[in-house]
Amino acid sequence: MQIRLIVAGKPALAYAKTGVEEYLKRLSRFGGHEMQVIKAGDRDDVSNRLLERSQGCFRIALDERGECLTTRRFAEKLESLEMRGDVKTVAFLIGAADGHNEELRKKCDLVLTLSPFTLQHELALLVLLEQLYRVASLKSGSPYHRD
Ligand SMILES: C[S@@+](CC[C@H](N)C(=O)[O-])C[C@H]1O[C@@H](n2cnc3c(N)ncnc32)[C@H](O)[C@@H]1O
C-alpha cells in the first residue's frame, strides 16, 4: 500500500523545509511514501485539486475538526487498510491557508485531526510526516516509539 501526501505549495518556511526533507529521507528507508505538491490558491481551488489528485485513493483529510487518534490507533488504522487489499493508495490531503471546503470533507473516507489547535499547514505536514515515520518504525520493530 502506498502513502501519498498531497500539499498545496512547496514548504517555504526554513524549519518546515528542513523538517520535511529530514522525515522524507527517513521514510525513504521504508519505501512506499511520496509527497506531491499542487498549486496553492483559494479554498475551492485547492480542495478541487486535492480531490482530483487523490481520485481512486482512500482519502484522509487533515483537518482540526476531525477524529483524534493515538499513534497506536493510527498505526492500527493504516494496518487495517493494508489488510483490506482493495486500498492501493492512502492519500492524506492537507489544505492551504483557507482550509478544506465542505465537499472535500464529505468526499473523504476519514477526517483526521492532529490536535484541537489550528496549525499552520506546513507545520501540520511536518507533524503528519513524523507520525508516519513513527508508525513505520513501530511496524519495523525499531525502538523509536516507546510507550
Ligand atoms: C491553516 S490550516 C486551515 C485553517 C482553516 N481556517 C480551516 O478552517 O480549516 C491549513 C491546513 O492545515 C491542516 N491543519 C491545520 N491544523 C490541523 C490540525 N489540528 N489537524 C489536522 N490538520 C490540520 C489542515 O489540512 C488545514 O486545511
Side-chain angles (χ1 to χ4, degrees), residues 1-30 32-82 84 87-139 142 144-147:
M1 189 175 79
Q2 292 293 308
I3 306 255
R4 182 182 302 163
L5 289 83
I6 313 178
V7 300
K10 269 191 177 173
L13 299 173
Y15 85 88
K17 243 171 118 173
T18 308
V20 166
E21 277 167 16
E22 171 67 27
Y23 281 101
L24 283 175
K25 192 170 117 203
R26 289 190 192 197
L27 278 165
S28 67
R29 192 155 65 82
F30 300 102
H33 298 77
E34 61 162 345
M35 188 177 96
Q36 292 187 3
V37 177
I38 58 156
K39 211 170 134 218
D42 68 22
R43 177 181 291 137
D44 287 336
D45 284 345
V46 169
S47 291
N48 288 341
R49 286 185 200 117
L50 289 171
L51 286 173
E52 203 178 294
R53 198 59 82 85
S54 59
Q55 266 176 27
C57 301
F58 185 96
R59 291 183 174 122
I60 302 183
L62 270 288
D63 192 298
E64 62 266 38
R65 303 158 192 80
E67 192 180 326
C68 183
L69 301 176
T70 62
T71 298
R72 288 261 176 209
R73 285 286 302 126
F74 183 45
E76 284 163 16
K77 178 77 196 166
L78 291 177
E79 204 180 333
S80 75
L81 291 176
E82 199 159 16
R84 271 172 49 165
V87 178
K88 300 282 172 256
T89 306
V90 176
F92 289 93
L93 312 183
I94 301 188
D98 295 340
H100 301 303
N101 66 16
E102 199 47 44
E103 186 198 351
L104 181 142
R105 275 191 283 273
K106 281 199 185 117
K107 287 192 171 164
C108 280
D109 300 286
L110 174 68
V111 180
L112 181 69
T113 183
L114 298 166
S115 150
F117 291 135
T118 299
L119 309 173
Q120 196 270 350
H121 64 284
E122 296 179 13
L123 179 58
L125 168 64
L126 190 50
V127 174
L128 174 63
L129 278 169
E130 196 275 340
Q131 286 303 300
L132 288 170
Y133 175 68
R134 196 168 278 279
V135 165
S137 304
L138 242 176
K139 213 171 137 192
S142 120
Y144 181 75
H145 182 74
R146 299 167 206 125
D147 58 6

Is the closest side-chain heavy-atom distance between [X] and [Y] below 4.5 Å?
X	Y	value
Gln36	Glu34	yes
Glu79	Val135	no
Arg29	Ser142	no
Lys77	Leu112	no

For His100 and Leu93, indicate whether the former's side chain and the latter's backbone hold a donor-acceptor pair under 3.5 Å.
yes
Does Glu122 use its side chain to pair, donor to acceptor, with the backbone of Ala12 at less than 3.5 Å?
yes
Under the side chain to side chain donor-acceptor pair (under 3.5 Å) test, which residues partner Asp44, sequence neighbours left out?
Asn101
Identify whether the distance between the nearest side-chain nitrogen and carboxylate oxygen of [X] and [Y] falls below 4.0 Å.
X	Y	result
Glu21	Lys25	no
Arg134	Glu130	yes
Glu52	Arg49	no

Pairwise distance [atom1]([X]) to [atom2]([Y]) - rounded to 0.5 angstrom:
X	Y	atom1	atom2	result
Leu114	Leu125	CG	CG	10.0 Å
Tyr23	Leu132	OH	CG	11.5 Å
Glu22	Leu129	CD	CG	11.0 Å

Leu110, Leu128, Ile6 screened by side-chain contact (heavy atoms from CB on, under 4.5 Å) with Phe92, the one that passes:
Leu128
With sequence neighbours excluded, give me every side chain to side chain donor-acceptor pair (under 3.5 Å) pair touching residues 59-71.
Ser54-Arg59, Asp63-Arg65, Asp63-Arg105, Glu64-Thr118, Thr71-Gln131
